[in-house]
Amino acid sequence: MIVFSSVCKRYPEGREALKDVSFEIADGKFAWVTGRSGAGKTTLFRLIAAIERPSSGGIVVNGQNLASLGRRALPYLRRNIGLVFQEQKLLFDRNALANVLLPLAIVGLPPRDAERRALAALDKVGLLDRAKAMPVALSGGEQQRLAIARAVVNRPALLLADEPTAKLDNDSAADILGIFREFHRVGVTVVIASHDPRPIPGVEPQLIALEQGRLLDTAASAAPVEAAQ
Amino acid sequence: MTSWFSQHLAGLQDAWRRLVASPLNTALSLLVIGISLALPAAGWLFIDNLRLAVGNTGSLQQVSVFLADDADAAAIAEVERGLRQAKLGSVRFVPRDEALQALQAREGMADLTAGLPRNPLPDAFVVEADASPEALEAAVKAFAELPKVDDVHLDSAWMRRFDAFLHVARLVVALIGGVFAAGLVAVTFNTIRLQILAHAEEIEVARLIGAADDFIRRPFQYYGALQGALGGLLAVALVTAGGLLLADPVAGLAALYGGSFSLHGLVPLEIAALVGGGALLGWIGAQISVLIHLRRLG
Ligand SMILES: Nc1ncnc2c1ncn2[C@@H]1O[C@H](COP(=O)(O)OP(=O)(O)OP(=O)(O)O)[C@@H](O)[C@H]1O
Ligand SMILES: [Mg+2]
């Protein structure tokens, strides 16, 4: 569960990226965070993962009040969040499998178990046959799927994906959203940031629409995508 | 396999991979570390060999016990018993006549002694001692107390000076060792700084997906320790090679002095100390570097 109450975020340079944002995403939900470029979508994700701290307001993630979370507890919060970064942040010095192994090494899984789980995650995103490929040798869509595999390999209860379909053609984007739908089906809370949310068959999404850092019309936020557009 | 063990094994493997990933840099660092460990080790070994070589000549620690003119056979036997009880080494009786003959045998001494009205030399005992300078001093005092002993002469001033010299030399080696140890820590510090810069991206991503500080530090700590240990091994190889090169000339030198002496190399404990010390110093350098530079990365 994610709860924002009156969250403001002002970056050191002075720009206010989020202004008095309050919302709640219940466990198991599928939520879109939408808004134009610069609306504050990535900022919102960075606040959820405690990469940034709010200037004011309170945030609760997975039952933990982030304000009272010490530096030492941060890693454990993040291990329970699957993060797909807007810029993906793949490591280009190692192959696809090694990229997916990193989160498992972090939690200290023995190598054999880790490899089995990493391959399963690659399989889930359809990259099993590209396990030994270096990221540069992967297409944009494949890189995106690799980033998803890395995010889900630790089986997080919460999956955050920042513009996972931005650079993809329609079919590839649909593939990716299909993957997220599968995670949603098995109970994972999925939050996707996109300036262009699409309907996903069989999913009733929650909508969190931002405009210049403000939440738009909170009443509409629970409505399906079509209604917001 | 426990998670703790596998995490440390992974850290070690990671460190090894990073070491072999840039062989030239690694080789240069190892050379610097190897030499800075080899120099004090060689100094230490040199002193040890010098001590043994000088100790080998034996005649240095000689106690001469001169008897009174009126010592009769019974008194002489009495003194001999006393000397033997001290168990310092071999005891030899030198009658006054033998002493005179020995003196006359020396070049230029014959004329001098020929004019003497009578043999001025006393009977004496010579004790070839194998003992510490302190024990010898005590023995000399005890011998002087024996009846019919006129004078006790300890031929060990040279030995004392040599001991003092060894002491100073060891201090110098220790100081050099300390300076080079600091150098090793500094070299590792810098190597790890570069390593951290080279892995900045990986460190950032690992942190973002939940890596604790320990996880990020571990490969660098192992890197420092591993590099130090390998440097220690290189130092062992350098010192051993040096010893082999010197073996023949030293044997030749010993032969000129009419003795036989072979250099002794590093014993297992010293090898372990070099490798372990290298690892420890490398770990310290890495730890300092990691604490400073990882904080700077945020
Ligand atoms: N690290 C930062 N320092 C200062 N200002 C920032 C920083 N990150 C974002 N901003 C500013 O905060 C605002 C919101 O940025 P954010 O990245 O959250 O937008 P976004 O909705 O993700 O945009 P996009 O769709 O382009 O990714 C922007 O005006 C941006 O310039
Ligand atoms: Mg963004």
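To find a chain, count down the sequence lines: A is the first, B the second, and so on, and within it residues start at 1. On a predicted model such as this, the values are computed, not experimentally measured, just so you know.
Residue R36(A) qualifies as open at atom CZ: its count of foreign heavy atoms under 6.0 Å is 12 or below. More than 12 heavy atoms of other residues, nucleotides or ligands shown are found within 6.0 angstrom of NE2 on H8(B). Dense packing is recorded around CZ of F92(A), with more than 12 heavy atoms of other residues, nucleotides or ligands lying under 6.0 Å away. Counting non-hydrogen atoms of neighbouring residues, nucleotides and ligands closer than 6.0 angstrom, the CZ atom of F165(B) reaches no more than 12 such neighbours. The neighbour count for K9(A) NZ, taken as heavy atoms of other residues, nucleotides or ligands under 6.0 Å away, is above 12.
In summary, E201(B) and K89(A) do not engage in a salt bridge, as defined by a charged side-chain N under 4.0 Å from a carboxylate O. Of the charged side-chain nitrogens involved, none lies within less than 4.0 Å of a carboxylate oxygen, so that D213(B) and R72(A) do not count as a salt-bridged pair.
In this structure, no portion of I81(A) lies under 4.5 Å from any heavy atom of chain B. Contact of R94(A) with chain B is made through the side chain alone, with heavy-atom distances under 4.5 Å. Both the backbone and the side chain of A211(B) come within less than 4.5 Å of a heavy atom in chain A. Contacts between A105(A) and chain B at a heavy-atom distance below 4.5 Å involve backbone atoms as well as side-chain atoms.
G210(B) and P75(A) make their closest contact through O-CB, 3.3 Å (heavy atoms, listed as atom of the first residue, atom of the second, distance).
Side-chain N or O atoms of R78(A) include none that pairs as donor or acceptor with a backbone N or O of I209(B) at under 3.5 Å.
How far CZ of R207(B) is from CG of L74(A): 10.5 Å, rounded to the nearest 0.5 Å.
Side chains of R150(A) and V205(B) form a contact here, defined as non-hydrogen atoms less than 4.5 Å apart.
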